[in-house]
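Heads up: the structure comes next, in structure tokens.
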Amino acid sequence: MLVDPFLSGNPLAPVGPDDLTPDYICVSHGHGDHVGDTVQMAKRTGATVISNFEIHNWLAAQGVSNLHPQHIGGGFNYPWGRVKLTIAHHGSGLPDGSYGGNPCGFLFYVENRKIYHACDTGLFYDMKLIGEEGIDLAILPIGDNFTMGPEDGLRAVRLIAPRQALPIHYNTFDVIRQDAAAWKQRVERETDTQVALLKPGETLQLP
Ligand code: NI
């Protein structure tokens, strides 16, 4: 599964859209650096694309045929696990200016693990509700400028109290440059959450 496959034109991506063969692609919102290569990859692989209903309609108009629309607060049981869409505070306009509905984050329930991918969002207090689910891994933006920065990322960790956090959405461009190692030190000093840092192309195995 891929979430927001921004590979073409991504200065940090170690692979291109032809290097991966996903079964599923999740699209959190309409911005070009998140829809990314979804249309091309879905057409090539036949992957099922999970998104909100408005992006679903836009992808259908682009000729993508395997689509599963959901919407915020709604979950669905796929053969391998459950996906629920959460709120996110952001925009969702599509690359051609089409209406992309409301942006979302994703809650994945897979093999007795709960993974919260916040996607692009500012801090919101309802992250506390998401934390009540008992999150194993919270994937949180810390880039600032377009999303939460390091300070609000730390507050998000406090609200969610996940076992592990993985910072994302930083260093792709100068305007979102951050010191992730410093964030890890601070989060681990001030909370009970462990922080995993990944370079592009690296993997994380959950305990
Ligand atoms: Ni965005």
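These values consider heavy atoms only, across backbone and side chains, with no hydrogens, waters or symmetry-generated copies. Ligands are counted one by one from 1 in listed order, and the atoms in each one are counted from 1 as well.
Its N, O or S atom nearest to the Ni ion (ligand 1) is what matters here, and for Asp120 that atom is OD2.
Geometry about the Ni ion (ligand 1) gives an angle of 90° between NE2 of His29 and ND1 of His31, rounded in steps of 10 degrees.
Here the rule is side chain to side chain contact (heavy atoms under 4.5 Å, CB included) with Pro22, and of Thr38, Val3, Thr48, Thr45 only Thr45 fits it.
The environment of Glu111 atom CD is sparse: at most 12 non-hydrogen atoms of other residues, nucleotides or ligands sit within 6.0 angstrom.
Side-chain contact check for His90 and His31: at least one donor-acceptor pair (N or O, by modelled atom type) lies under 3.5 Å.
In summary, His90 places an N/O/S atom under 2.8 Å from the Ni ion (ligand 1), meeting the contact criterion.
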Could you walk me through whether Glu188 and Lys184 pass the salt bridge (Lys or Arg N to Asp or Glu O under 4.0 Å) test, one step at a time? CA-CA 6 Å; Glu188 292 183 348; Lys184 171 182 165 74; 3.0 Å; yes

